[in-house]
Asker: 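Take this structure, written in structure tokens, and hold onto it; I'll ask about it next.
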Amino acid sequence: MSETLYRGMDRAEIDRQLNLRARWPEHEAFFARWAEESARVRGRVGGHLDLAYGDTPSQTLDLFLPEATGGAVPLLAFIHGGYWQSLDKGDFSYLAPPFLDQGIAFASLNYTLAPQASVAEMAGEMRRAFLWLVRGAGDYGVDPGRIFVAGHSAGGQLAAMTAATDWQTLGPDAPAFDPVKGACSVSGVYDLEPLRLSYHQDVLGLDPDEAVAMSPLRVIPKRAGPLICAVGSEETDEFLYQQDAFVAAWRAAGLEARVVELPGRQHFSAVDALGEPDHPLFQAVRDLVLGENRS
């Protein structure tokens with residue numbers, strides 16, 4: 001009889017719940033479309049590409065700015081997924097245009113992938129990126145007091161960890177105010193324990209303490225801006241469960257959390273909704289960034 005390891009699941013079931021590429025073999029078509037559409041966006045919109053927020057080639061971001069608005073603009077910074085092991089900021093430029101059309105700047109962030117970096121090190125890189133944005137994005141016409149974070153899958157975990165940061169504990173690097181005014185996580189990973197027990201462990205190398213410390217479900221902040229969560233209705237039970245648990249914990253702490261439904265979406269089509277102007281997810285994030293409350 002197989003050993004139960006997590007939430008009544010054995011290793012084979014954990015792997016089945018987390019092996020998204022096997023579940024949806026069409027993922028390759030999504031990756032190709034994202035890259036192609038993003039290349040077209042960069043060719044049409046331009047942007048400030050490969051801006052360095054740190055010292056290594058992976059510590060860079062792409063920044064896209066709306067046409068002149070007559071004042072400083074808010075910014076949505078996006079963190080890509082790929083199970084902390086793959087994909088690139090350049091694959092997600094395609095999400096930028098709808099936000100630019102609303103007068104919102106858009107940044108796509110890179111980070112060092114596993115196994116070259118641990119998840120904890122990636123989270124540190126994202127904090128460093130936000131410190132850079134607060135201190136440097138004003139040079140590009142961005143309002144440093146209106147910066148928001150969004151992420152997909154592993155990027156959702158990094159976005160949630162960034163939003164949960166107690167910035168005042170960073171010592172000399174502490175900003176004068178919390179850099180993250182609100183967050184959106186799409187198909188996020190909020191408990192890393194099943195990852196540690198899965199086939200991903202061969203690359204991620206999580207130890208038990210890191211799995212807890214890097215699980216947004218386990219590190220609910222005392223204060224944070226509003227949170228939007230969305231997960232595709234067709235995703236695996238584990239992803240549905242983790243979002244429910246995370247949102248419940250966030251709300252139990254007295255924090256604001258909104259769920260946007262994604263009917264008919266699976267893991268790879270879920271993130272597309274963030275860039276679709278007519279989709280409720282895009283509209284919710286737009287309204288969060290613009291400070292609007294539309295019914």
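For the single chain, residues carry numbers from 1 onward in sequence order.
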Asker: Starting at CZ of Phe130, measure out to OG1 of Thr162 and round the result to the nearest 0.5 Å.
Answerer: 6.0 Å
Asker: Is there a chain of hydrophobic side chains (I, L, V, M, F, W, Y, each step under 4.5 Å between heavy atoms) that links Leu95 to Leu49?
Answerer: yes
Asker: Using the rule that Ile, Leu, Val, Met, Phe, Trp and Tyr join whenever any side-chain heavy atoms are under 4.5 Å apart, tell me whether Val247 and Ile228 fall into a single cluster.
Answerer: no
Asker: Output the distance between atom CG (Leu206) and atom CE (Met214), rounded to the nearest 0.5 Å.
Answerer: 10.0 Å
Asker: What residue pairs, at least two apart or across chains, pass salt bridge (charged side-chain N to carboxylate O under 4.0 Å, His left out) with a residue in residues 33-55?
Answerer: Arg33-Glu37, Arg33-Asp272, Asp50-Lys89, Asp55-Arg128
Asker: Aromatic rings His200 and Tyr83: how do their planes relate, parallel, tilted or perpendicular, breaks at 30° and 60°?
Answerer: tilted
Asker: If a pair satisfies salt bridge (charged side-chain N to carboxylate O under 4.0 Å, His left out) and one of its residues is in residues 227-255, list it, with sequence neighbours excluded.
Answerer: Arg7-Glu238
Asker: Between Ala213 and Met161, which heavy-atom pair has the shortest distance, and what is it?
Answerer: O-CE, 3.3 Å
Asker: Look at the side chain of Arg265 and the backbone N and O of Ala230, then say whether any donor-acceptor pair between them is shorter than 3.5 Å.
Answerer: no
Asker: Could you pull out the closest heavy-atom pair between Leu131 and Asp173, with the gap in Å?
Answerer: CD2-O, 3.7 Å
Asker: Under the rule for ring pair (Phe, Tyr, Trp, His ring centres under 6.0 Å), what residues qualify as partners of His80, not counting sequence neighbours?
Answerer: Tyr111
Asker: Would you say that Asp62 contacts Phe106 through its side chain, given a criterion of any heavy-atom pair below 4.5 Å between the two side chains?
Answerer: no
Asker: Do any N or O atoms from the side chain of Asp178 and from the backbone of Val180 form a donor-acceptor pair under 3.5 angstrom?
Answerer: no
Asker: Is Glu121 close to Thr112 at the side-chain level, that is, under 4.5 Å between some pair of heavy atoms?
Answerer: no
Asker: When rounded to the nearest 0.5 angstrom, what distance separates CG in Leu113 from CD in Gln85?
Answerer: 8.5 Å
Asker: I want to check something: taking the side chain as every heavy atom from C-beta on, are Met9 and Thr4 in contact at a cut-off of under 4.5 Å?
Answerer: no
Asker: Using a side-chain heavy atom cutoff under 4.5 Å and only I, L, V, M, F, W and Y, what cluster partners does Leu227 have?
Answerer: Tyr190, Leu217, Ile220, Phe246, Trp250, Leu255
Asker: State, with a plain yes or no, whether a side-chain heavy atom of Glu13 is found less than 4.5 Å away from one of Tyr6.
Answerer: no
Asker: Which heavy atom of Gly232 sits nearest a heavy atom of Ser187, and at what distance?
Answerer: N-OG, 4.3 Å
Asker: Glu193 side chain to Ala211 main-chain N or O, any donor-acceptor pair under 3.5 Å?
Answerer: no
Asker: With clusters defined by side-chain heavy atoms of hydrophobic residues (ILVMFWY) lying less than 4.5 Å apart, directly or transitively, does Phe148 cluster with Leu290?
Answerer: yes
Asker: Going from CG on Leu288 to CD on Gln283, what distance comes out if it is rounded to the nearest 0.5 angstrom?
Answerer: 13.5 Å
Asker: Using the ring-ring contact (aromatic ring centres under 6.0 Å, His included) rule, pick out the option among Tyr94, Trp24, Phe268 that qualifies with Phe31.
Answerer: Phe268
Asker: Could you list the residues that satisfy ring pair (Phe, Tyr, Trp, His ring centres under 6.0 Å) with Phe92, not counting sequence neighbours?
Answerer: Trp34, Phe78
Asker: When the aromatic ring centroids of His152 and His267 are compared, is their separation below 6.0 Å?
Answerer: yes
Asker: Do Phe282 and Leu274 have side-chain heavy atoms sitting under 4.5 Å apart?
Answerer: no
Asker: Could you work out, with salt bridge (Lys or Arg N to Asp or Glu O under 4.0 Å) as the rule, every residue matching Arg11, not counting sequence neighbours?
Answerer: Asp15
Asker: Considering non-hydrogen atoms only, spot the tightest contact between Ala164 and Val219 and give its length.
Answerer: CB-O, 3.8 Å
Asker: Are the side chain of Glu210 and the backbone of Ala120 linked by a donor-acceptor contact shorter than 3.5 Å?
Answerer: yes
Asker: Check whether any side-chain heavy atom of Leu18 sits under 4.5 Å from a side-chain heavy atom of Thr236, and report yes or no.
Answerer: no
Asker: Look only at the side chain of Ser215 and the backbone of Arg218, and say whether a donor-acceptor pair between them is shorter than 3.5 Å.
Answerer: no
Asker: Is a donor on one side and an acceptor on the other found under 3.5 Å between the side chain of Gln17 and the backbone of Ile14?
Answerer: no
Asker: Does any non-hydrogen side-chain atom of Leu262 lie less than 4.5 Å from one of Val231?
Answerer: no
Asker: Atom CD of residue position Glu28 - does it have more than 12 heavy atoms of other residues, nucleotides or ligands inside 6.0 Å?
Answerer: no
Asker: Treating Ile, Leu, Val, Met, Phe, Trp and Tyr as nodes and any side-chain heavy-atom pair under 4.5 angstrom as an edge, say whether Val134 and Leu170 lie in one connected cluster.
Answerer: yes
Asker: Locate the shortest heavy-atom distance separating Phe64 from Gly47; write the atom from each residue and the value.
Answerer: CD2-CA, 3.9 Å
Asker: Is there a path of hydrophobic side-chain contacts, each under 4.5 Å between heavy atoms of I/L/V/M/F/W/Y residues, joining Val212 to Val119?
Answerer: no
Asker: Is Gln266 reaching over with its side chain to a backbone N or O of Ser269, donor-acceptor style, under 3.5 angstrom?
Answerer: yes
Asker: Check the side chains of Arg16 and Ser198 for a donor-acceptor pair under 3.5 angstrom, ignoring hydrogens and angles.
Answerer: no
Asker: Report yes if some heavy atom in the side chain of Gln242 is under 4.5 Å from a heavy atom in the side chain of Leu240; otherwise report no.
Answerer: no
Asker: If you measure from CD on Glu125 to OG on Ser58, what distance do you get to the nearest 0.5 Å?
Answerer: 7.0 Å
